[in-house]
Amino acid sequence: MAANASQAKTARGPDAAFILKKAVISALVALVLFSLMIGIRTEAGSDGQLTWWTRFGDLAAMVAVVFGGSIVMELLRRWWGPVDTVRVVPPSAQKVFSFAGRALVPALLIFTFLVPVIFYDERYILDLGILVLTYVMLGWGLNVVVGLAGLLDLGYVAFYAVGAYSYALLATNFGLSFWICLPLAGILAAFFGVLLGFPVLRLRGDYLAIVTLAFGEIIRLVIINWQTLTGGPNGVSGIPRPTMFGIPLTPGDDGLAALLGIEFSPTHRIVFLFYLILALALLTNWVTIRLRRLPIGRAWEALREDEVACRALGINTTTTKLTAFATGAMFGGFAGAFFATRQGFISPESFTFHESALVLAIVVLGGMGSQLGVALAALAMIGGFELFRGLEQFRMLVFGGAMVLLMIWRPRGLIGHRAPTVFLERNTVISSDLVKEGHG
Amino acid sequence: MNINDILSVENLTMRFGGIVAVNDLSFTAERGKITALIGPNGAGKTTVFNCITGFYKPTSGTIRLRNGDDEWRLEKLNDFRISKIAKVARTFQNIRLFPGMTALENLMVAQHNTLMRASGFTFLGLFGVPSYRAAEKAAIDLARYWLDQIDLLERADDAAGNLPYGDQRRLEIARAMCTEPALLCLDEPAAGLNARESAALNELLLKIRADHGTSILLIEHDMSVVMEISDHINVLDYGVQIADGTPQEIRDNPKVIAAYLGADEEEAIAVMEGET
Amino acid sequence: MDYFAQQLINGLVLGSIYGLIAIGYTMVYGIVGMINFAHGDIFMIGGFIALITFLILVSIGLTAVPVILLLVLLVSMAITSLYGWTIERIAYRPLRHSFRLAPMLSAIGMSFVLTNFSQVAQGARVKPVPPIITGGYTLHEGADGFAVRLSNIQIIVVITTIVLLALFTWLVARTRLGRDMRACEQDQTMASLLGVDVDRTISMTFVIGAALAAVAGMMYLLYYGLVDFFMGFVAGIKAFTAAVLGGIGSLPGAMLGGLLIGLIETLWAAYFSTEYKDVAAFSILIVVLIFLPTGLLGRPEVEKV
């Protein structure tokens with residue numbers, strides 16, 4: 001014991017110097033980086049002339065933060081240990097974990113079902129719940145393309161937009177109801193998915209990334225510029241609210257509240273929306289889980305593992321890829337239609353690259369292919385994002401920084417293993433080190 | 001094309017830019033037999049395989065495959081159709097399993113086209129109709145049969161990437177067999193195997209030929225495998241055929257010995273005797 | 001005809017700026033095989049630093065335009081390269097041998113950080129500068145009174161691009177650093193076994209890429225007379241499109257792609273509609289990739305089986 005302690009002490013001597021040296025270097029780098037960007041502030045005056053003033057106080061504060069942050073990070077790293085070493089978990093602890101893992105899904109599900117009951121009076125939490133579930137659904141949809149088929153898609157927001165505009169335009173122009181438009185929105189989005197799929201069939205890796213990104217931008221730019229159809233940057237407003245299979249959720253005599261003989265409350269609609277998106281998300285989940293166990297789902301995963309081997313086994317990789325794009329896009333379209341009916345107003349601003357990046361981050365952080373992981377990641381990302389609502393300006397800054405840190409911390413996502421789709425005797429999980437990431 | 005031949009390659013030429021990898025090559029493979037394709041490194045063997053299995057489009061020449069009453073021109077078929085319609089399966093020189101999927105899943109993926117039809121192209125399967133469930137059960141049984149044949153039944157639920165090298169080689173053969181091929185093309189199946197594993201491989205290939213009547217086309221450097229199980233051998237050098245015949249004829253052919261290891265005949269004979 | 005010639009000039013100038021940014025994408029892609037999503041924002045930072053340096057120099061009473069330009073160029077390149085270096089160090093190096101999507105998301109995160117950092121630090125409003133370089137030449141005066149003009153700033157942009165390109169080609173082809181870079185591009189493990197300092201080489205790649213982006217940022221500032229915090233995103237996507245169009249990993253390809261994107265955008269805006277110019281650039285990217293999946297000058301990918 002004593003020997004260990006003294007060893008630790010001798011080891012700490014040079015350590016402290018090392019940490020300090022690192023902190024000083026970081027601070028110096030920060031000083032140069034921030035010297036002009038923070039030390040000087042520019043602003044265009046009312047006459048169009050640029051003026052500038054110094055902010056050396058802020059600069060000094062930032063450099064001090066970097067100095068302190070560097071020390072804290074280094075200490076944390078030492079305490080936490082290297083990130084990518086495999087930590088050995090004793091079997092007894094593994095059992096507890098696996099029990100917790102098995103109990104987690106039903107517990108989460110029950111809790112989600114009860115959210116509107118528990119938080120009936122907390123409008124904010126209900127809204128947040130709807131938002132989280134929307135991203136859970138988007139994450140699960142994109143997971144089909146990225147997590148299962150291994151095709152990188154940086155333009156997923158395009159399908160979300162197609163779904164939203166399909167519903168908005170069909171409903172405002174032709175007066176079609178939400179329940180008719182929902183499948184139409186899904187079908188249209190799937191059609192766009194195939195449309196995107198065709199040109200990218202032969203592409204791999206980063207070519208696929210840039211083309212999907214370009215596709216997303218094209219859709220957004222067309223929406224902005226095709227003003228006669230989409231209203232351009234002003235968007236579409238007055239999108240009808242959903243009805244409970246024809247019964248509107250309004251205070252009128254034919255509203256649901258009147259029919260049930262209860263007092264009308266605007267919360268009814270929120271609760272209805274909550275269960276609607278929950279149902280849509282669970283549908284997505286159910287379909288995905290079923291598909292994974294069908295030949296098409298196995299072909300998607302095989303495609304991610306090795307495309308050449310797939311072709312040698314007689315699998316038509318073209319249709320396999322296209323179905324993956326179409327399926328993922330369809331779910332995106334459903335989510336889009338829901339978004340439109342929930343907001344009542346949509347504009348191109350809601351469908352920027354940021355959304356695609358956010359959904360992709362959810363999928364990757366979730367662990368590429370894990371349904372539970374994606375749900376947890378959506379909760380963490382959207383919930384975390386909401387914590388910074390007050391700091392409007394810093395929100396994206398923190399979000400970006402969090403993305404970097406999360407990737408460094410868990411490059412393979414929260415749930416880093418794959419569950420087999422079929423087994424003879426033992427249902428074991430497969431370590432993510434073996435699972436390929438596809439060529440997208 | 002002889003009625004007994006399953007595969008007939010005629011005047012096959014494959015050029016990559018200025019390099020002629022295969023030059024006017026013709027050979028046949030007899031139905032229900034094991035035909036070997038040997039030759040020094042760079043002789044163009046894998047290129048021939050890639051032409052047969054559709055990964056390359058040959059510059060010229062024809063590749064005919066006769067299966068029952070059907071005859072296919074393989075050079076005209078698209079890659080995945082060669083396996084799906086013409087029933088040609090292959091393995092790869094550098095093993096290409098699906099490493100993140102279990103051994104069983106690998107064999108299930110190989111039965112994709114059968115299962116796809118059974119699942120009503122996904123729509124019926126989504127709702128779990130009984131006919132699909134029966135088809136899936138049959139597919140699992142076939143996979144179980146092949147896992148048993150390659151002695152991997154115990155490891156059916158382990159990730160393919162976690163299996164030892166020799167097991168991966170055999171699993172790849174089993175996966176190819178799960179497509180129920182008429183012609184099985186094996187690209188160096190014994191590469192990296194030890195003597196005991198090679199012997200097991202010989203047994204497996206002979207069993208495949210005996211029990212399933214599958215014709216086998218084999219590229220191999222390990223002469224202990226080639227000489228022992230081949231019915232017929234074609235020797236390639238610099239993209240042209242320099243000899244063909246039974247193992248005994250090849251063993252005695254001075255042209256082969258000279259070509260195989262340059263002029264050093266003693267070494268060449270050692271190789272041919274399978275003493276490497 | 002005159003109108004076309006004028007658009008051609010404008011397109012080439014815009015294309016030069018895209019090309020300078022695209023080189024950074026291509027270099028990083030060649031050496032570490034990842035899309036440096038934050039590169040467009042490096043370009044934006046370069047523009048901001050050039051603007052601030054310019055303001056300071058003017059207010060301390062410097063009047064000689066060539067001296068100002070040179071100082072602005074040097075300061076902007078120096079500080080922006082440090083941004084490039086820092087980003088690689090923080091966000092990419094820990095993920096170098098990781099799962100391939102992780103560095104990409106880390107890069108996207110870094111791009112958000114930089115965009116919003118300059119929004120917070122410098123405000124969201126567009127920052128205009130008065131024209132610094134004025135004057136030019138009238139090349140041809142048509143009968144209808146339309147004159148083809150070549151402004152001094154356009155000449156400077158094109159000449160700077162050509163000089164930098166020459167310098168850069170020399171660097172990659174002839175210097176030790178260039179050789180190390182090419183070695184790392186081929187095989188990092190082998191390069192390190194042969195004594196190449198891989199970490200340092202990769203850092204230098206990011207530094208050079210950022211320096212070129214800083215030049216592009218400064219040129220943008222001089223040419224358009226404004227910077228804003230969001231300009232990195234669109235310029236970045238277009239430059240990346242240019243890199244892919246030219247064949248990612250190929251330096252001449254990046255420049256060619258940049259020029260093509262610049263021309264397509266300018267000509268489309270001149271003859272068809274300004275609204276759809278970006279759609280045109282992206283659509284052409286998709287069409288080119290359908291027929292030439294590895295870009296115009298990219299090495300065809302041989303599928304090994």
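Chain A is the first sequence line, chain B the second, and so forth, proteins listed ahead of strands; every chain is numbered from 1.
- Residues forming a ring pair (Phe, Tyr, Trp, His ring centres under 6.0 Å) with A:Phe423 (at least two apart in sequence, or on another chain): none.
- For NZ of B:Lys76, the number of neighbouring non-hydrogen atoms (other residues, nucleotides, ligands) closer than 6.0 Å is 12 at most.
- Other residues, nucleotides and ligands place more than 12 heavy atoms under 6.0 Å from the CZ atom of B:Arg31.
- When every heavy atom of A:Ala312 is checked against every heavy atom of B:Arg90, the shortest pair comes out as CB-CG, 3.9 Å.
- With rounding to the nearest 0.5 angstrom, the CZ atom of A:Arg293 is 9.5 Å from the CD atom of B:Glu136.
- Each of A:Ile315, A:Val287, A:Thr317, A:Thr323 has some count of heavy-atom pairs under 4.5 Å with chain B, and the biggest count is that of A:Ile315.
- Here the side chains of B:Phe80 and A:Asn316 are in contact, with some heavy-atom distance below 4.5 Å.
- Between A:Glu305 and B:Pro99, some side-chain heavy-atom pair lies under the 4.5 Å cut-off.
- Summarising the geometry of A:Leu313 relative to B:Thr179, their closest heavy-atom pair is CD2-CG2, 3.8 Å, with the distance given to 0.1 Å.
- For residues 159-173 of chain B, the interface with chain A (any heavy-atom pair closer than 4.5 Å) comprises B:Ala159, B:Gly161, B:Asn162, sorted by residue number.
- Counting heavy-atom pairs closer than 4.5 Å to chain B, the top-ranked of the candidates A:Pro420, A:Ala302, A:Ala309 is A:Ala302.
- For the pair A:Arg298/B:His112, no side-chain contact is recorded, criterion being any heavy-atom separation below 4.5 Å from C-beta on.
- Around atom CZ of B:Arg73, more than 12 heavy atoms belonging to other residues, nucleotides or ligands sit under 6.0 Å away.
- With a threshold of 4.5 angstrom between heavy atoms, B:Ile140 approaches chain A through side-chain atoms but not through N, CA, C or O.
- Heavy-atom distances place the backbone of B:Leu97, and not its side chain, under 4.5 Å from chain A.
- Residue B:Met116 is tested with A:Ile296, A:Thr319, A:Leu294 for a side chain to side chain contact (heavy atoms under 4.5 Å, CB included); the sole match is A:Ile296.
- Across every non-hydrogen atom of A:Arg311 and B:Ser83, the tightest pair is O-CB, 4.3 Å.
- The candidate with the highest count of non-hydrogen atom pairs below 4.5 Å against chain A, out of B:Arg81, B:Arg175, B:Lys84, B:Glu105, is B:Glu105.
- With a 4.5 Å cut-off on side-chain heavy atoms, A:Val422 and B:Leu104 count as touching.
- The main-chain N or O of A:Gly314 is found under 3.5 Å from a side-chain atom of B:Asn113 such that the two form a donor-acceptor pair.
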